[in-house]
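What follows is a short report on a single structure.
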Amino acid sequence: MQERYEPAVVEAQAQAFWDERKAFAVTEDPNKPKYYCLSMFPYPSGRLHMGHVRNYTIGDVITRFMRMQGYNVLQPMGWDAFGLPAENAAMQNNVPPAKWTYDNIAYMKSQLKSLGFAIDWDREVATCDPRYYRWNQWLFLRMLERGIAYKKTGVVNWDPVDQTVLANEQVIDGKGWRTGAIVEKREIPMYYLRITDYAQDLLDSLDQLPGWPERVRTMQANWIGRSEGVRVSFPYELDGERRLLNVFTTRADTLMGVTFCAVAAEHPLASYAARSNPALAAFIEECKHGTAMEAELAVMEKKGMPTDLFVTHPITGARVPVWVGNYVLMTYGEGAVMGVPAHDERDFHFAKKYGLPIIQVIDTGSGLWALGSSQSTDDPPLASARSPKPSSPIPDEWDVAFESHGVCVNSGKYDGLGYREAVDAIAADLRASGLGDKQVQWRLRDWGISRQRYWGCPIPLIHCPKCGDVPVPDEDLPVALPEGLVPDGSGNPLAKTPSFLDCRCPKCGGAAKRETDTMDTFVDSSWYFLRFASANNDQAMVDERANYWMPVDQYIGGIEHAILHLLYSRFWTRVMRDIGLVSVKEPFENLLTQGMVLNDIYSRRSPDGRVQYFNPVDVEVELDSKGSRVGARLKRDGQPVEWEGMRTMSKSKNNGVDPQQLVSEYGADSVRLFMMFKSPPEDTLEWSDDGVEGAARFMRRLWRVVYEHVRAGDGSQATADSPKAGCAPTEACSLSSADLTDAQRALRRAAHATLAKVTDDIGRRRVFNTAIAAVMELMNTLSKFEDDSAAGRAIVQETLELIVQMLSPIVPHASQALWEALGHAGDPLIDRPWPKPDPAALVQDTIEIVVQVNGKLRGRVNVPAEATDDIVREAALQDANVQKWTEGKQIRKVIVVKGKLVNVVV
RNA sequence: GCCGGUGUGGCGGAACUGGUAGACGCGCCGGACUCAAAAUCCGGUUCUGGCAACAGAGUGUGGGUUCGAUUCCCUCCACCGGCACCA
């Protein structure tokens with residue numbers, strides 16, 4: 001054994017050792033319980049960042065732990081390889097996206113290997129590989145056949161200078177990122193997937209995912225956004241024909257308070273009214289400009305304009321004016337709302353601004369301004385009566401709408417009804433007259449998958465002038481993406497490539513054009529976990545092996561994918577199940593969302609207002625005598641820099657840390673140990689160079705302790721007639737407790753208690769920081785143990801073997817080396833079963849009991865482990881310090897908590 | 001605005017089921033080794049008072065339940081995340 005710990009050598013050896021054995025290649029074995037551990041696959045951006053390292057280390061720890069638990073564990077890896085960054089890089093460097101992508105994959109793969117992850121590389125997939133994306137195309141055609149995929153026009157961001165569609169992130173302040181031109185909304189035909197057909201099931205099934213974080217389930221539920229209400233139809237006449245204006249409302253109880261209706265700018269009624277009204281047409285144009293992003297709409301001022309159209313109130317028959325309002329969304333509900341200014345804040349502002357009448361139809365409770373507490377309702381109050389100023393109940397003097405539920409007033413036959421009864425009664429009346437009914441409304445919209453981009457999976461359709469849109473026949477799949485093109489930023493290069501574009505119609509054989517749109521990259525990532533389980537099958541998208549491995553037992557990835565990726569995957573898996581391709585509907589049994597990796601941000605503001613950021617490695621932090629941060633200076637010039645707190649590592653803030661440099665400086669094991677030790681996996685991780693240094697220090701210390709133990713004699717000899725690590729309870733342990741000294745027994749107990757804790761922390765709680773802390777504590781205990789007797793050395797041997805085994809999922813390379821040094825040459829530690837604590841070692845003869853007087857700690861007593869409550873009570877009361885506090889006082893009560901404490905109440 | 005989460009030493013964090021608050025690590029202070037430094041090792045490190053034994057205070061704020069609360073309940077405050085003219 002080497003005296004010095006040299007991670008580079010140790011890690012190369014361990015990796016070669018595993019490679020030789022193809023240690024991580026797995027096959028479907030019906031005799032073993034399976035475990036599918038999956039980390040979200042990376043986008044091949046160039047190099048790994050710390051978030052990747054953290055993500056994949058967590059997955060690797062679980063993978064290796066479960067393997068030692070006896071599971072047949074699959075941990076695959078692949079590449080989410082299509083996407084916009086490749087096109088941008090291509091433009092910058094004049095290299096085709098394919099080359100850039102494949103080069104990045106090669107480099108990042110070497111990085112993953114250097115970190116020692118237990119990955120089955122035989123199953124590697126890249127989504128830009130035609131052998132992968134042909135199945136996107138194949139399943140898309142199946143969806144088309146079933147009506148799950150369909151075509152309709154959709155709104156996109158259009159750059160009028162480059163004549164190209166922009167992604168949302170390419171629109172900055174409403175302008176194109178390259179041209180600076182004002183971006184327009186434009187309607188073009190696109191393909192959609194009917195995810196809304198699955199909305200109810202996607203929502204309901206969230207309850208059946210107890211292994212998902214509450215947070216993610218809530219986010220998904222909000223995103224799906226189910227809302228129950230009533231569809232109300234307002235009849236009107238147009239060109240002598242009776243028509244209906246439909247609106248959706250959750251407050252049908254306020255229907256009698258309607259004083260106007262408002263429609264979205266894109267609503268057909270708005271377009272109709274604009275034909276004879278140039279001012280209105282101009283207003284509608286104005287509303288259509290700006291981005292398609294909702295976040296920016298949210299801050300716009302409420303504006304509107306009247307049409308000269310009127311509709312009829314479905315119950316009172318009153319004439320109701322129709323307005324166009326910029327606050328009405330065409331994409332939600334019916335694209336139109338009924339305006340009840342008295343009881344809706346937006347309607348209220350709108351009515352105030354344009355002088356529309358306000359009619360109160362809900363009692364505010366006391367007749368005065370109802371604040372949170374005073375409504376009489378059959379439902380919890382909704383909100384927003386915030387004005388503290390009680391004033392007259394006359395709506396004219398309101399300064400905010402009364403939105404809480406309450407009793408109907410001023411509503412004819414509905415007077416006196418509460419929220420629920422009023423909604424029921426009004427819905428029933430509407431149903432009877434054919435002017436409405438109860439309806440469930442979803443926030444979730446169908447998934448538009450068309451992207452007007454080059455570097456993606458081609459949508460397999462052919463546009464024939466005679467036959468229309470014709471699906472590409474299965475036997476012609478894949479529709480291969482030409483890989484040599486370099487986009488120039490103006491439109492999709494596929495549209496300028498005749499060899500791709502021009503084709504024959506599969507139906508009539510005439511000249512036709514291929515669809516040039518490609519699929520959203522979320523399509524690629526919606527089923528890759530199934531492909532890993534059926535890798536290399538040229539004949540089918542998935543096969544029976546998918547049913548062996550699925551569902552994924554543990555999925556690990558960033559919280560940023562809490563909504564879209566996870567929702568799309570759940571949807572896609574359901575579609576595949578409905579088509580009969582797989583048997584599961586929920587793809588991910590347990591989900592772990594790892595926290596972000598943060599680092600300090602240092603900056604300087606120059607007089608002209610420009611901000612310069614400095615990497616933390618170039619900054620010297622100044623501390624006071626207690627170690628508190630008091631300032632920071634740039635090492636180069638000794639001048640102060642500003643500390644801006646900690647944020648996720650990014651290029652723009654210049655606070656990134658390169659994992660590769662750390663691996664070459666400290667070794668993969670130290671980096672892995674630090675990342676697992678610093679914070680629990682779900683929390684953010686604050687980077688610290690000192691912390692990595694500390695992890696490396698621990699590794700060197702562990703190495704040295706094993707080295708010194710081994711050097712003092714053949715370690716395995718010492719165990720010849722002593723307990724083996726984790727000897728089964730039935731197995732006779734040759735060193736019976738009775739023969740050991742107190743110190744020897746204490747160390748054995750500490751070792752086995754630590755094993756029990758570490759097993760629970762990794763296996764059940766999935767917290768690695770406390771597992772590592774427990775092992776460090778055991779190391780501290782071990783350092784204080786000095787005993788050269790045969791029994792002493794045997795126990796040290798046992799303890800070291802346990803430590804090495806417990807750490808092996810986290811620091812696998814060094815663990816393998818140390819395992820060999822401890823007398824197991826050539827024995828792969830990864831194939832060792834996880835040790836079990838020896839119950840005999842855990843037995844204690846005496847235990848320490850804490851004694852409190854009135855809940856305050858006043859002493860400790862040692863009692864036999866099997867002592868009765870009475871004996872413990874007496875021992876506690878005899879304690880000198882306890883007597884001091886109870887002397888002259890009357891003891892009212894003594895509480896004894898078995899094995900833990902005694903509380904004396906005086 | 002709605003939904004969810006989090007507040008513990010100088011810092012990251014621990015205390016899992018109501019039972020010794022601050023494990024473990026970083027940093028800092030002191031010591032050993034060294035000509036010296038690095039590395040390593042030993043000791044200390046919540047605050048206040050005390051040489052010490054020890055005592056008092058202490059887990060964002062204010063209250064409550066309990067023999068006992070970081071943990072449960074209520075109030076308020078701060079921060080983080082998600083959603084949002086969603087009708």
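Letters A, B, ... mirror the listed sequences (proteins, then strands); counts begin at 1. As the structure is a computational prediction, the values presented were derived from the model and not from experiment.
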What pairs of donor and acceptor atoms, side-chain ones from residues 688-700 of chain A against any protein atom, are under 3.5 angstrom apart with sequence neighbours left out?
unit_1, atom_1, unit_2, atom_2, d
A:S688, OG, A:G691, N, 2.8
A:D689, OD1, A:W687, NE1, 3.1
A:E693, OE1, A:Y666, OH, 3.3
A:E693, OE2, A:R700, NH2, 3.4

Please determine, for the side chain of [X], which listed nucleotide ([options]) has the closest atom?
X	options	value
A:R215	B:G4, B:C85, B:C83	B:G4
A:N326	B:G12, B:C85, B:G25	B:C85
A:E686	B:G12, B:G13, B:A87	B:G12
A:D761	B:C16, B:G12, B:C83	B:C16
A:T250	B:A84, B:G12, B:A87	B:A87

Could you list, one pair per line, each protein nitrogen or oxygen that sits under 3.5 Å from a nitrogen or oxygen of nucleotides 46-51 of chain B, together with the distance?
none

* **Main-chain N/O of A:M646 paired to A:D600 side chain as donor or acceptor, under 3.5 Å** => no
* Asked: Counting distance only, does the side-chain N/O of A:D669 pair as donor-acceptor with the main-chain N or O of A:A814 below 3.5 Å?
  -> yes
* Stem regions touching RNA chain B, defined by at least 3 consecutive Watson-Crick or wobble G-U pairs below 3.5 angstrom -> B:1-7 with B:77-83, B:10-12 with B:24-26, B:27-32 with B:40-45, B:46-49 with B:54-57, B:62-64 with B:72-74
How long is the line joining [atom1] of [X] and [atom2] of [N], in whole Å?
X	N	atom1	atom2	answer
A:K353	B:C85	NZ	C1'	13 Å
A:E345	B:A84	CD	P	18 Å
A:E228	B:C86	CD	C1'	15 Å
A:E214	B:G82	CD	P	17 Å
A:I849	B:G68	CD1	P	20 Å
A:E403	B:C85	CD	C1'	11 Å
A:R445	B:A84	CZ	C1'	12 Å
A:D689	B:G27	CG	P	11 Å

* Determine the Euclidean distance between corresponding C1' atoms of B:G19 and B:A69; express it in Å to zero decimal places. => 10 Å
* Any A:R346 side-chain nitrogen or oxygen under 4.0 Å from OP1 or OP2 of B:C86 -> yes
* Asked: Just to confirm, is there a sub-4.0 Å distance from OP1 or OP2 of B:C86 to any side-chain nitrogen or oxygen of A:N222?
  -> no
What's [X] touching, base or sugar-phosphate or nothing? Going by heavy atoms closer than 4.0 Å.
X	value
A:V247	nothing
A:N854	nothing
A:K303	nothing
A:V337	base
A:T218	sugar-phosphate

Can you tell me how far [atom2] of [Y] sits from [atom1] of [X], rounded to the nearest 0.5 angstrom?
X	Y	atom1	atom2	answer
A:L255	A:I315	CG	CD1	5.0 Å
A:E334	A:C261	CD	SG	12.0 Å
A:L755	A:L778	CG	CG	10.0 Å
A:D344	A:M338	CG	CE	9.0 Å

Tabulate atom names and distances for all N/O pairs under 3.5 angstrom spanning the protein and nucleotides 62-65 of chain B.
none

For nucleotides 56-58 of chain B, tabulate all protein N/O to nucleotide N/O atom pairs closer than 3.5 Å, reporting atom names and distance.
unit_1, atom_1, unit_2, atom_2, d
B:G56, OP1, A:R858, NH2, 3.4
B:G56, OP2, A:R858, NH1, 3.1
B:A57, OP2, A:K856, NZ, 3.2

* Structure fact -> On RNA chain B, more 5' by nearest nucleotide between A:D690 and A:S679 is A:S679
* Structure fact -> The residue, A:T249 or A:M776, whose nearest nucleotide of RNA chain B is more 5′ is A:M776
* Could you list the residues that satisfy ring pair (Phe, Tyr, Trp, His ring centres under 6.0 Å) with A:H561, not counting sequence neighbours? => A:H565
* Just jot down the ring pair (Phe, Tyr, Trp, His ring centres under 6.0 Å) partners of A:Y5, sequence neighbours excluded, or say none. => A:W703
* Non-neighbouring partners of A:N903 that pass side-chain contact (heavy atoms from CB on, under 4.5 Å), sequence neighbours left out -> A:Q852, A:I895, A:L901
* To do: Just grab all the side chain to side chain donor-acceptor pair (under 3.5 Å) pairs involving residues 883-896 of chain A, residues at least two apart or on different chains.
  => none
* If you look only at pairs with a residue in residues 672-681 of chain A, which of them pass as a side chain to side chain donor-acceptor pair (under 3.5 Å), with sequence neighbours excluded? -> A:D60-A:R672
* Asked: Along nucleotides 17-23 of chain B, 5' to 3', which nucleotides get a B, which get an S, and which get a -, given that the test is a protein heavy-atom distance under 4.0 Å?
  -> --BB--B
* To do: Could you tell me whether A:E708 and A:R711 have a side-chain N and a carboxylate O separated by less than 4.0 Å?
  => no
* Can A:D870 and A:R873 be counted as an ion pair, charged N to O under 4.0 angstrom? -> yes
* Asked: Do A:Q441 and A:R231 get their side chains close enough for a donor-acceptor pair, meaning under 3.5 Å?
  -> no
* Are side-chain heavy atoms of A:H343 and A:D253 found at a separation under 4.5 Å? -> no
* To do: Taking the side chain as every heavy atom from C-beta outward, state whether A:I426 and A:V232 have any atom pair closer than 4.5 Å.
  => no
* Asked: So, for A:Y354 and A:W323, is the gap between ring centers shorter than 6.0 Å?
  -> yes
Tabulated below should be each protein N or O lying under 3.5 Å from an N or O of nucleotides 40-43 of chain B; please produce it.
unit_1, atom_1, unit_2, atom_2, d
B:U40, OP1, A:R700, NH2, 3.4
B:C41, OP1, A:R704, NH2, 2.9

* **Side-chain donor/acceptor of A:R764 to base of B:C16, under 3.5 Å** => yes
* No-H, no-angle donor-acceptor pair, A:R765 side chain to B:C16 base, under 3.5 Å -> yes
* **A:K898, NZ: over 12 other non-hydrogen atoms inside 6.0 angstrom** => yes
* To do: State whether the number of non-hydrogen atoms from other residues, nucleotides or ligands found under 6.0 Å of A:R215 atom CZ is greater than 12.
  => no
* **side chain to side chain contact (heavy atoms under 4.5 Å, CB included) evaluation trace for A:M50 with A:L685** => CA-CA 10 Å; A:M50 278 301 168; A:L685 184 150; over 6 Å; no
* Asked: Under the rule syn = chi within 90° of 0, otherwise anti, which is B:G9?
  -> syn
